[in-house]
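See structure below.
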Amino acid sequence: MKTILVLNGPNLNLLGRRQPEIYGHETLADVEAACRAACAEGFDIRQAQSNHEGEIVELIHGARDTACGIVINAGAYTHTSVAILDALNAFDGPVIEVHISNVHRREGFRHHSYISARADGVIAGLGIEGYAAATRRICTLVGA
Ligand code: CA2
């Protein structure tokens, strides 16, 4: 079984409980279920969430030996974190960057992503469907 790491950054533990007009009503449990349903045969999901930059870096390091690809929504660290970019650059498999909201229709500071420099694909504004699409893409890229 190949494992895809679905990694969520700061404040995304609040998904479904605050600001539904921006982030919708679904929770992280719904994200996990949507990703699992999107997996091709022979793939499974491991979901993680952290509010701490260093812990996200360590989760990416751990994925080097345990995951075939990473779906990442780094939350606000998307726009600030060279450390997370560096960790992703040390990971060999495909990386798909996901944003629930359309960051390009929001404040200017959300328009730049450090992670996009490493990502094999970027999805924004599809709500939690973006995670499922990213999961499908990783299955395609990794193959059987
Ligand atoms: O649109 C996205 O997925 C974001 O990555 C979400 C981040 C934001 O900083 C990025 O610019 C775009 C914020 C995540 C906060 O998540 C919450 C979810 C529900 C309630 C409150 C915060």
Side-chain angles (χ1 to χ4, degrees), residues 1-40 43-142:
M1 193 65 85
K2 299 185 183 84
T3 300
I4 298 169
L5 176 63
V6 179
L7 184 51
N8 283 288
N11 298 307
L12 284 156
N13 52 311
L14 298 178
L15 202 59
R17 287 186 269 160
R18 298 288 306 273
Q19 297 182 268
E21 67 286 0
I22 302 176
Y23 300 114
H25 290 280
E26 293 101 338
T27 65
L28 272 192
D30 296 320
V31 169
E32 183 170 3
C35 290
R36 187 155 286 122
C39 275
F43 289 82
D44 200 8
I45 293 302
R46 188 172 72 251
Q47 179 158 270
Q49 186 275 331
S50 176
N51 294 321
H52 305 282
E53 186 175 19
E55 194 174 339
I56 293 169
V57 167
E58 284 175 4
L59 285 161
I60 295 167
H61 291 173
R64 284 161 45 83
D65 297 321
T66 59
C68 66
I70 300 176
V71 175
I72 183 165
N73 182 350
Y77 288 143
T78 301
H79 316 298
T80 62
S81 183
V82 177
I84 293 175
L85 170 63
D86 287 346
L88 290 169
N89 278 330
F91 178 79
D92 287 332
V95 172
I96 307 291
E97 174 182 356
V98 172
H99 299 287
I100 297 166
S101 64
N102 179 1
V103 284
H104 299 291
R105 207 169 66 176
R106 301 181 65 189
E107 303 96 320
F109 64 83
R110 297 186 202 275
H111 297 179
H112 176 263
S113 162
Y114 283 97
I115 288 159
S116 296
R118 163 63 181 88
D120 297 287
V122 181
I123 297 169
L126 300 193
I128 74 158
E129 288 175 44
Y131 290 90
T135 300
R136 276 193 292 277
R137 182 63 181 158
I138 287 186
C139 293
T140 302
L141 291 172
V142 171

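For ligands, and for the atoms within them, numbers begin at 1 and follow the listed sequence.
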Atoms of ligand 1 less than 4.0 Å from Gln19 heavy atoms? 21 (C), 22 (C)
Between Asp120 and Val95, is there a donor-acceptor pair closer than 3.5 Å when you use the side chain of the first and the backbone of the second? yes
Compute the shortest N/O to N/O distance between Tyr23 and ligand 1 and return yes if it is under 3.5 Å, no if not. no
Give yes if a backbone or side-chain nitrogen or oxygen of Ser101 is under 3.5 Å from a nitrogen or oxygen of ligand 1, and no if not. yes
Considering only heavy atoms, does His79 approach ligand 1 within less than 4.0 Å through its side chain, its backbone, both, or neither? side chain
Please give me the minimum heavy-atom distance between Gly130 and Ile123, naming the atom from each residue. O-CD1, 3.5 Å
Distance under 4.0 Å to a non-hydrogen atom of Gly75: what atoms of ligand 1 satisfy this? 5 (O), 7 (C), 9 (O)
Return a yes/no value for Ile100: is any of its N or O atoms, backbone included, closer than 3.5 angstrom to an N or O of ligand 1? yes
Between Tyr23 and Asn11, does a side-chain hydrogen bond (donor to acceptor under 3.5 Å, both in side chains) hold up when you go through it step by step? CA-CA 11 Å; Tyr23 300 114; Asn11 298 307; over 6 Å; no
Identity and separation of the nearest protein heavy atom to atom 17 (C) of ligand 1: Asn11 O, 3.5 Å
min-distance protein heavy atom vs atom 4 (C) of ligand 1 -> His99 ND1, 3.7 Å
Less than 4.0 angstrom from a charged side-chain N to a carboxylate O is my criterion; do Arg64 and Asp92 meet it? no
At a 4.0 Å threshold, what atoms of ligand 1 neighbour a non-hydrogen atom of Arg18? 19 (C), 20 (C), 21 (C)
Quick one: sort the His111 and His104 rings into parallel, tilted or perpendicular, breaks at 30° and 60°. tilted
Got a donor-acceptor contact below 3.5 angstrom from the Ser81 side chain to the Thr78 backbone? no
Provide, to 0.1 Å, the distance between atom 12 (C) of ligand 1 and the closest protein heavy atom, together with that atom's residue and name. Val103 CG1, 3.6 Å
Side-chain (Gln47) to main-chain (Leu28) donor-acceptor, under 3.5 angstrom: yes
Ligand 1 contact on Thr78 by region, counting heavy-atom pairs under 4.0 Å: neither
By number and element, which atoms of ligand 1 are closer than 4.0 Å to a non-hydrogen atom of Ala76? 9 (O)
Hey, mind stepping through Ile45 and Tyr131 against side-chain contact (heavy atoms from CB on, under 4.5 Å) and telling me if it holds? CA-CA 11 Å; Ile45 293 302; Tyr131 290 90; over 6 Å; no
Under 3.5 Å, side chain of Arg118 to main-chain N/O of Phe91, donor-acceptor pair present? yes
Per-residue contact class, Leu14 against ligand 1 - non-hydrogen pairs under 4.0 Å: both
Atom 9 (O) of ligand 1 has as its nearest protein heavy atom Arg110 NH1, 3.0 Å
